Structure formats: C-alpha cells, structure tokens
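The sequence lines fix the lettering, A, B, ..., with proteins before strands; numbering per chain opens at 1. This structure is a prediction, so every number in the text was calculated from the model and none was measured.
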Amino acid sequence: MGSRTAQILFPVNVPGAFDYAVPDPMRLSRGEFVFAPIGKQMKLGVVMSLGEAEPGRALKEIAEIKATRALPLAMLDFIDWVARYNVASPGQVLRMVLRSWKALDPSPVATLYEPTGDRPLNLTPARRAALSEGGPFPARASEIAARAGISPGVVKGLVKTGLMRSELRPVDAPYPVPNPDRAGRDLTEAQSVAARELVTQVQKDRFSVSLLDGVTGSGKTEVYFEAVAEALRQGRQVLILVPEIALTQAGLARFAQRFGAEPVAWHSSITDTERRRGWREVASGRAQLVVGARSALFLPFAKLGLIVVDEEHDTSFKQEEGVIYNARDMSVLRGRLEDRPVILASATPSLESLHNAQSGRYAHIVLPERPGAITLPDIDLIDMKVHKPETGAFLSAPMVQAVADSISRGEQSLLYMNRRGYAPLILCRACGERLKSPDTDSWLVEHRATGRAVCHLTGFSMRMPRECPKCGAEDGLTSIGPGVERIADEIQTHFPQTRVEILSSDTTATPDEIKARLGRMEQGEIDILVGTQMVVKGHNFPKLTFVGVVDGDLLMGGADPRAGERTYQTLVQVAGRAGRADKAGEALIQTHHPEHEALQALVAGDRDLFVGVEMAMREMLGLPPYGRIAAVILWGPDLKKVKDLAKDFVTKAPRADGVEILGPSEAPIARLRGLYRQRLFIRADPDVNLSKYMTTWRAKQKRIPTKYKIQIDIDPQSFM
DNA sequence: AGCACGCCGACT
DNA sequence: GTCGGCGTGCTC
C-alpha cells in the first residue's frame, strides 16, 4: 500500500515545489494552505498536487492544515505558467499572490458603538456631545470621541447607562454590490453593435480575446461596460486592469457612476487594511468588481467572469522588478487558464495585439469615431532644422505664434515636454565635466524650483553646487537642454501677463495637488499648462485648443525597437487633449526628423499607414510580433567580473535553430547604484519556445556569487 | 527567503 | 582565547 504525498510550494525563491508525506488521517486537497517543516523552520505553503510515495524515499510530514480558504485551482495553474513563461521560480510568483499574508486569517474585529435611542435624562455635557455630535454611528469609541471632542471613556460610560450599545464587527466589511442594470450612457448604433459583440463573448462562457480598437472619444469605456455588466449579471467577478496613472479618485469615479458602487481599487500603494480586505473579499467571491494596476492580476478570484485590459498598449503593464512580467500578456494567459473572455481596449493598440487581431487569433472590434464627439486636432510638424530657436531657447517661432493665437482667442494651451526639472544636463564650461550621480551612470538633472541636482534613476539629490566639483571653477556650470521648468520659464518670458503652470510629479506630488491643478485648468484659471506624461491621460479641458509637443524626437533613437510605436502612441494621446466637440483643435510637434513615418502618419491622421510601415520593418528584422525577443542583464560590483560572467554565460548558450544572440555589451545604464551592468539580446523565430530556451540556458549556469545577478526579461519593453 | 556553517578581524 | 561580521549553500 503506497502512502500519500503532496507537493508543497513555499513562497520562497527555490526552483520548485517540495515533496512531503501526508500523515494518515489528514484529508488534503489541492490549493489548501499547510504548515510544513522546511530546514529548521515551519513554513506556510500551498498544496500544488497530490501523489503516491515512491518506495525508499524518506519524506518529512506535513504538520498541519491552515484553517482558511484554499487557493482556486486555476490559480495554481496560473502560478506555474507565469513562472515558466517569465523564467522565474514558482515560489516567487506565489509570493506575489500572497502579498497580504493577513488576508488568510479571519478579519480582525472592532467594538463599535451606537445610541440605543433611549430618552436621555440629566445628561452631562460630555455625554450629550457624544450622542449628538459623535455620529455617524456605529463607530469606534475613539472616532466618536474625536468627533465630539470628549474622551473615549465617556462612550463606554454611556453603554453602562444603557444609552449606547456596543457590538463586535469585523473590520473588513464586504464591498457594496455593483448593479449591472443601472442605465449606462446611450450608445450610438455602432457602439451598440460593438457592445453586443462583446456581450456575446461573455455569454459564450469560454476563453476568447477581443481587441476593442477605437479612437479617443469613440466611447470605448461605455462599450466594454456592457460586457462588464453582463459578467456581473452572471454573478461573476470582473477584473479591469488600468495603467497606474488612471487609478485616481477621478479615474475610479466613472466605474462607481456606472455600477452604483465603488469598485475594489487595487494598486501598489493601498494600505495594509485595504489590501487585506480586498484580497479576502476577492477570494470569497463577494467582491465583484476590481479595478487595479498590474498586480491585481494576481488576486485569487473565486469566480472570475471577465478580464478587461484598458489602454492595453500602455508600458506600465510591464513589471520591471522581481518577477518580470507583462500584465497584458498574463491577462490573456489567465483568461485561457480560467476559460473566460478577455477584452483588450486601446485607441492605439500595440502592434502585437493588432497582429493577433489581423491573423484572427483575436476578435477585432473597431469603433468608428462618434459624430459630434471630440475630434482629433489638426496636427502639423515643425522642422527644427528650419525653425531654429535662438541659443538657449527651445520653442520655435511657429510654436510661440500658435500659443499667441490661442491666447488672443481667450483659449488655453498645453505644452508637452516629457522631462522633469529645469535642464537634463549640468556641464562645466571650464573643464567639460558633466555632473553625475555618485554611483550611477546618469546625468544629474537640474531642478531650479528646489535648487537641487537630482538623479532621476536612483532619487539621489544634492544642493545645486556653485562651483564645479571637479575643477573648482566658479560660475562655470551651465544648464544644457530643456525640462518642463525651463519651458515654463521660456513661455512666460514670451507672455509675461499669462498664467503659466507646471504639471509634473515634482510640482504636484499628492493626488490632491494634481486634482487642484487640473481643476484650475478646467475652470480656465490657467492659460498655459506645461506638463510631463502626467497630462496625457484622461482629462478633457473644454477651453484647450492648442497642444505643442516640445520634443517629438525624445522617444526615438536608441536600441528600442518599439521607439517609433511609442512615439506614435504618445503623440496621438497628447495631441488628443486639444480635441473639442464643436471644432477641431490644433497640435504642433517640433522635430528634427519630420520625415519619420510615425510623424508622417500622425499628420496624415492615417494609423494604417504607420502600422503598415512599422509591421513591414518588424517582419524584415524578425522582431515582435514576427519574432520573439529576450534580454539578459548581468550585474555586480566588479566591472571585470561582470564582464567575465557575461562572456562565460554566452558560451553556455544552448545551440538552437532560429535563435540569435547579440552581446554581451555594456548596458545603456552601465552602472546603477554602484553595480556594473552588462547586457545580452536574444532574438528568436516565432516558432521557438523562448521561455523554455532561456530556462535551459540558465540551468547550465552554476551558482554565482550572491552579489552578482543574472536577470532574464522575456519580451523586454525597456532597453536601459 | 531564512538559517547554519565557516572563515576572518576586534575585543575581554 | 572567543564574539560576531557576512559570504556561501541548502532546504523535500
């Protein structure tokens, strides 16, 4: 008779799950949480699978089953697949799933107090205050005390007199239930057709991917809301992934408006309490609507009905640290494992998704522009080789003129400059020294507002020095190049009477400040807004009619094969800010490369033109979506050792047809936080299983010193 | 991820 | 002499 075993996965970075003996009376199922001895400690792990013991192999015994809800089985598969696809250990993936350990325990309870409603007689002032000003009830004694300006002891005293009652309540209350049948906005005929198609996919009750492709103002959100409503009607849960930047109160409000209940908001900076509550409510199946950043994909949904990835092209879906993954791609994977539909929505879809739509793997649902809706502005290019600004200036004459025209019409302008601070480079005229971060190969950016020199990669900052730290020359330091602060200065000198403000993460650190500034913009209290990436999303300003892109070339060049695509996507979004219902706005883009196809397509308003040219180029080079890429970054404290490690690692590459290896070479950021970085590139034909290839490759590398790391990035988005 | 083991320098 | 620094290796 064979005894039973279980494979237990621990949330630690070991290659896989460990085998344990299941003690005889224990009833155990997959997904359950158990305590088991590992080394000298007792750890919490998850039962991945059950089996029969092979004779003659001594195994330790599982100690105990934890009394908590088991992980859904689809989640176990998902953990395994995510690990394999991204060349990570399943333990690391489990650790992402278990970000909130406390969620496995029952909710903590709090004592809440409320008035019994008995007629108060002869009350002391403190007691009267507690009853009249302590509300809303029920509440904690400390909350009532704070509101009434009394001490918590008074509240407890009222319980003794019978004027208040106390009650133990779980701290983690259920979320309000969304109502799918609240009326949404009226849909046009084209929108209804698209919505019906998506609803049909939800009703089919199995895996499918739909690319919802519609320009700004085509009502994408309203259309996918219909599919969300259908999944909610089925009593299932819906996950909507949005870029981190969209997770503001304003961003969440539209979900609350449509479904009459605040959704679960999930992102990296929610409090522990919210995280615990959200995790538990999602795991129980009670929380129905989750709006979150990429990490929400690892929540243990009990009955997932639909996943929506909004702005699917957005680069913030790529996790760049720890387990490196792309939440958009992992959404499709999860949809497949759960056998549920996935919707990818975008005004500027990624070439990967477009390719999948064209080849029929995804349903392609195209929304036409809505008549009477916000229309895209007229877009023109300014050739900076022709319209050179004066030395030290960055705005060309046509750009300044366009702002002047907008001001004279009493309208607003937006200048887009995706660089924080005043100047990206501080140079010594005397000796040529460029100010750098002490342990990182990146220039310090001058921030004039705070008088500091800042490293944008590491956060290092110092007081802006008066003399050159190298040669000591006084007043030799010069600011080279523009940032938002400098552009704001420049435009202000052109128009001293206008109200110019900056919107960047430096000038507006808190959500309240952002809200306030956007509010002033909406109210027309700002004439010219100079902003970074922060201005791109959402917000429509009715009086904004001109958008100027200060540097249309910023994203081009370098090793990034998606630079053209991202330039196009960003500029469409930025230019779209100037859209108006009654008349088209205007957008001007300053560039040194007016011939670039991304810019030409933008001017022509012809996305297909750009996509066609870009696809042809990708196909010729065998790049995504016509091939696969991976990156390897090797880093450590000693330059020579990192170089040797990289060379040695390359010699271990398995032989395979259709795989090319480039490098090793110095990474663009050659030194980061004191660590030297070398980089490899791998390009493979589409039929190569690149994840498997990289796994085999890494297995050939024996252990390396702990201070050295080999990081594998499947389908890299960042090329630094 | 922990935890132990082991090999080096600064104290009682 | 030993206390403890952290670099290295292992956990079914």
Just by protein heavy atoms under 4.0 Å, how would nucleotides 5-11 of chain C read 5' to 3' in B, S and -? --SSSBB
Bounded by its outermost nucleotides with an atom under 4.0 Å from a heavy atom of chain A, the footprint on DNA chain B reads B:dA1 to B:dC3
Mind checking what makes ring-ring contact (aromatic ring centres under 6.0 Å, His included) contact with A:His447, not counting sequence neighbours? A:His456
Sorted by chain and residue number, the ring-ring contact (aromatic ring centres under 6.0 Å, His included) partners of A:Phe681 (sequence neighbours excluded) come out as A:Phe719
For A:Arg280, the salt bridge (charged side-chain N to carboxylate O under 4.0 Å, His left out) test, sequence neighbours excluded, returns A:Asp172
Less than 3.5 Å apart, which donor and acceptor atoms pair up between the side chains of residues 653-672 of chain A and the rest of the protein, not counting sequence neighbours?
from     : atom 1 : to       : atom 2 : distance (Å)
A:Glu660 : OE2    : A:Arg683 : NE     : 2.8
A:Glu660 : OE2    : A:Arg683 : NH2    : 3.1
A:Arg671 : NH2    : A:Pro438 : O      : 3.1

Of all residues at least two apart in sequence or in a different chain, which pass the ring-ring contact (aromatic ring centres under 6.0 Å, His included) check with A:Phe649? A:Trp697
Identify, with sequence neighbours excluded, every residue that meets ring-ring contact (aromatic ring centres under 6.0 Å, His included) alongside A:Phe301. none
Sequence neighbours excluded, every pair satisfying salt bridge (Lys or Arg N to Asp or Glu O under 4.0 Å) that has a member inside residues 692-705 of chain A: none
